[in-house]
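Each ligand, and each atom within it, is numbered from 1 in the order the structure gives.
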Amino acid sequence: MNSKTFKDMKRKEVNSSRMPVYRDAGFELYDALTTENAFRKETEHNREPDLYIYSRYRNPTVVSAEEEIMKLEGSGWALLTQSGMSAIDTALSVFQHGKATRPWMFFTEIYGGTISFVESVLKSRRGLDIQYFAPENQEYDLVKFENEIVVLKPEIVYIETISNPMLIVSDVRNIIAIAKKYGTNVIIDNTFSTPWLCNPLADGADIVIHSATKYFSGHGNLTAGVLCGNDNKIMQSAIEYRKFVGHVLSPDDAYRLQTQIQSFELRFSRQCSNASKLAEYLDRQPLIKTVWFPGLKNHPTHSIAEKLFGNKGFGAMITFDFDGKNKTEKRNRRDRFIELVSEKIKLIPTLGDPHTILMPVEAVWGSKYPEPGMIRLSVGFEEYAELYTTVATALNKLKS
Ligand code: PLP
């Protein structure tokens, strides 16, 4: 029998400074006794097992990438999944216990794909009692929120730190404090703000989620998700669910993520700084009616953002709206702008890429945000001068 654990083994092999890509589907377990012990230990659902069994359960390259994220989030554990959506599904599964499940409350200003998942899977297929909480004038009324929590006693509250595309910043600390007063668990999608700006776990959130496809990977070249937390019981339940439904990230993507995430703070801090400068510039342009950016004083949640993010930045997303006499003129300006910047700023439906990219809001959100002149920018980490020149040249051509 080989009594060595994986930890003993991995140290001696090659003098590489990184965890390699272990593509093994199943790992060698040597003999019946080792196998029996490994499977018995497996039911404890530890994040890092002594011996790996099967990559759908856990994989050393994935575990190593999780450690990089734990450092960033300052969390006790992190679990990587194949996408942001599978991280959301895994996080929510922890609080689903058959008929005894109390209502789940979702803030309405969250990623459209999450809303579709809630409606199509959680409500229609799984029959969960789903409740929504909506903002008024682009701000959440926390007195009303507390009144609803008292009556509903929801099992969970689900929010995003910065919403999409209006970039409403949630008053995360107060929302957590209210929810916790009534025994409600809090799940926060922190994709847009990242741990660089906000650490909801430190404020008492139960689970923080990221679409790691975005700023953590930062290069638009992989799809991944992660859920992080401090409570071991939550982790064990999430590991069990991830294993049963097969949500775990592939070792190849984990390797690339673990490498790319090392430059996360450099990249994201520059993206935030570029976005702040560009938002101020756009806000002064006569062709643009409104700029939504939490760093601008006229944004409805500017003061919440200032308190929550300190002086580190306000995220790297900007939404703005072209003015015009009518819908046709607004739409024409939007389309011409997209064409004029297209060599440098591509229309790509994601965010967090190295270069600035854009999306026409009406074409994606339809009747939810029907303003025809609206554009959402995901600001990249290129030189600000290059970004400014591209945008300013296009706006000057549009004016003439
Ligand atoms: N959460 C937010 C805030 C998102 O913007 C997205 C995707 O755009 C997701 C979750 C889903 O992530 P993924 O596309 O990696 O599944």
Inset, instruction - Run the ring-centre check on Phe107 versus Tyr132 and record whether the distance is less than 6.0 Å. - result: no

Legend entry - Aromatic ring proximity, centroids under 6.0 angstrom, Phe133 and Phe106: no

Inset, instruction - Determine whether more than 12 heavy atoms belonging to other residues, nucleotides or ligands lie under 6.0 Å from atom NZ of Lys180. - result: yes

Inset, instruction - Quick one: list whatever passes side-chain contact (heavy atoms from CB on, under 4.5 Å) with Gln82, sequence neighbours left out. - result: Ser86

Inset, instruction - State which residues pass side-chain contact (heavy atoms from CB on, under 4.5 Å) with Ala392; sequence neighbours excluded, sorted by chain then number. - result: Tyr281, Tyr388

Legend entry - Listed partners of Asp253 passing salt bridge (charged side-chain N to carboxylate O under 4.0 Å, His left out), at least two apart: Arg256

Return a table of N or O atom pairs, ligand 1 on one side and protein on the other, at distances under 3.5 Å, rounded to 0.1 Å.
{"from": "ligand 1", "atom 1": "1 (N)", "to": "Asp189", "atom 2": "OD2", "distance (Å)": "2.6"}
{"from": "ligand 1", "atom 1": "8 (O)", "to": "Lys214", "atom 2": "NZ", "distance (Å)": "2.6"}
{"from": "ligand 1", "atom 1": "12 (O)", "to": "Ser211", "atom 2": "OG", "distance (Å)": "3.1"}
{"from": "ligand 1", "atom 1": "15 (O)", "to": "Gly84", "atom 2": "N", "distance (Å)": "2.9"}
{"from": "ligand 1", "atom 1": "15 (O)", "to": "Ser211", "atom 2": "OG", "distance (Å)": "2.8"}
{"from": "ligand 1", "atom 1": "15 (O)", "to": "Thr213", "atom 2": "OG1", "distance (Å)": "2.6"}
{"from": "ligand 1", "atom 1": "16 (O)", "to": "Gly84", "atom 2": "N", "distance (Å)": "2.9"}
{"from": "ligand 1", "atom 1": "16 (O)", "to": "Met85", "atom 2": "N", "distance (Å)": "2.9"}

